[in-house]
Amino acid sequence: MEVVTVFFILAGTLLTSNLWSAQTLSFSLQGILLGLAVSVSYALYIVANSRTGESVRWQTKSTLIMTGSALTIFLVNTGTIIHDHHFGWTFFKWALFLAILGTTIPTALFAAGIPKVGAGVSSILMTIELPVAILCAHFIVNEPLTLPQIAGVVVMLGAIATMNYYRSRIS
């Protein structure tokens, strides 16, 4: 069932990418290599979280993940942080908002949930990020939404819902 779900998720991803409306297609080798590097680190992240299972409390896992992420971000952006002066009340309000809503809550829920569903299912469930990003881009910043993108979102959400429905019937 998971293989069929992955097929539909990939098909939905292609639809949401708007590849068909592009005038010309060009690819960046650096972009492809960085995308592959992100994919490998993402896969390692999922496998590491699922392997620790119940032996490590989710609070500890979540804290370690966020600390490592924060250190990495600060190391990569040290030059910008030191030389640019973006610190102000507005910056701190947005930083706090994004830290809680975009980092703390999702990471804690992920660390708590992945041992229960496993690496394979959690990686499929995490593909819901693309439909949510597309819908947020449309509703929050008024990005245009095309019919193929809507179809892609429906295909992806339908595949995930169908997989979860059949998994719940088996259990």
Side-chain angles (χ1 to χ4, degrees), residues 1-53 56 58 61-81 98-99 101-138 140-141 143-146 148-164 167:
M1 182 64 185
E2 282 141 358
V3 173
V4 173
T5 303
V6 168
F7 172 78
F8 279 105
I9 288 172
L10 289 174
T13 302
L14 285 174
L15 287 169
T16 58
S17 69
N18 253 349
L19 270 174
W20 290 274
S21 66
Q23 304 289 329
T24 59
L25 291 178
S26 64
F27 298 97
S28 158
L29 179 61
Q30 180 184 14
I32 291 170
L33 293 176
L34 288 172
L36 289 172
V38 167
S39 298
V40 168
S41 68
Y42 188 62
L44 291 172
Y45 172 69
I46 291 172
V47 170
N49 264 291
S50 68
R51 294 258 168 99
T52 56
V56 178
W58 68 267
K61 277 196 287 188
S62 179
T63 302
L64 291 173
I65 291 166
M66 286 185 282
T67 303
S69 297
L71 288 173
T72 303
I73 289 168
F74 285 127
L75 286 173
V76 168
N77 294 298
T78 300
T80 303
I81 292 170
L98 292 173
L101 199 64
T103 305
T104 306
I105 294 171
T107 305
L109 293 175
F110 181 76
I114 195 169
K116 294 173 179 40
V117 296
V121 173
S122 67
S123 63
I124 291 171
L125 290 174
M126 290 177 73
T127 61
I128 202 162
E129 181 181 349
L130 179 60
V132 169
I134 287 173
L135 293 174
C136 286
H138 177 69
I140 295 172
V141 294
E143 282 283 322
L145 197 58
T146 64
Q149 286 178 309
I150 294 169
V153 167
V154 169
V155 166
M156 292 174 79
L157 295 177
I160 293 167
T162 303
M163 180 200 67
N164 283 320
R167 282 183 56 88

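Below, all heavy atoms of this structure are taken into account, side chains as well, without hydrogens, waters or symmetry copies.
The line from CH2 of Trp58 to CG of Leu109 is 7.5 Å long, rounded to the nearest 0.5 Å. One finds the CD atom of Glu129 at 11.0 Å from the CD1 atom of Ile134 (value rounded to the nearest 0.5 Å). The structure places CG of Leu157 at 5.0 Å from CD1 of Ile128, a figure rounded to the nearest 0.5 Å. To the nearest 0.5 Å, atom OG1 of residue Thr104 and atom CG of residue Leu98 are 10.5 Å apart. One finds the CD1 atom of Ile140 at 10.0 Å from the CG atom of Leu135 (value rounded to the nearest 0.5 Å).
Atom OH of Tyr42 is surrounded by more than 12 heavy atoms from other residues, nucleotides or ligands within 6.0 Å.
With contacts defined as side-chain heavy-atom distances shorter than 4.5 Å, the pair Gln30/Leu34 qualifies.
Among all heavy-atom pairs drawn from Phe8 and Val155, the shortest one is O-CG1, 3.3 Å. Shown here for Pro131 and Val153, the closest heavy-atom pair between the two residues is CB-CG1, 3.8 Å. Between Ile9 and Met156, the shortest heavy-atom distance links the atoms O-CG, 3.9 Å. Glu143 and His138 get closest at one heavy-atom pair: O-ND1, 2.8 Å.
Without hydrogens or angle criteria, Thr162 side chain to Ala159 main chain gives no donor-acceptor distance under 3.5 Å. Formation of a donor-acceptor pair under 3.5 Å by the Thr67 side chain with backbone atoms of Leu64 is not found in this model. Side chain of Thr16 to backbone of Thr13: a donor-acceptor contact under 3.5 angstrom is found.
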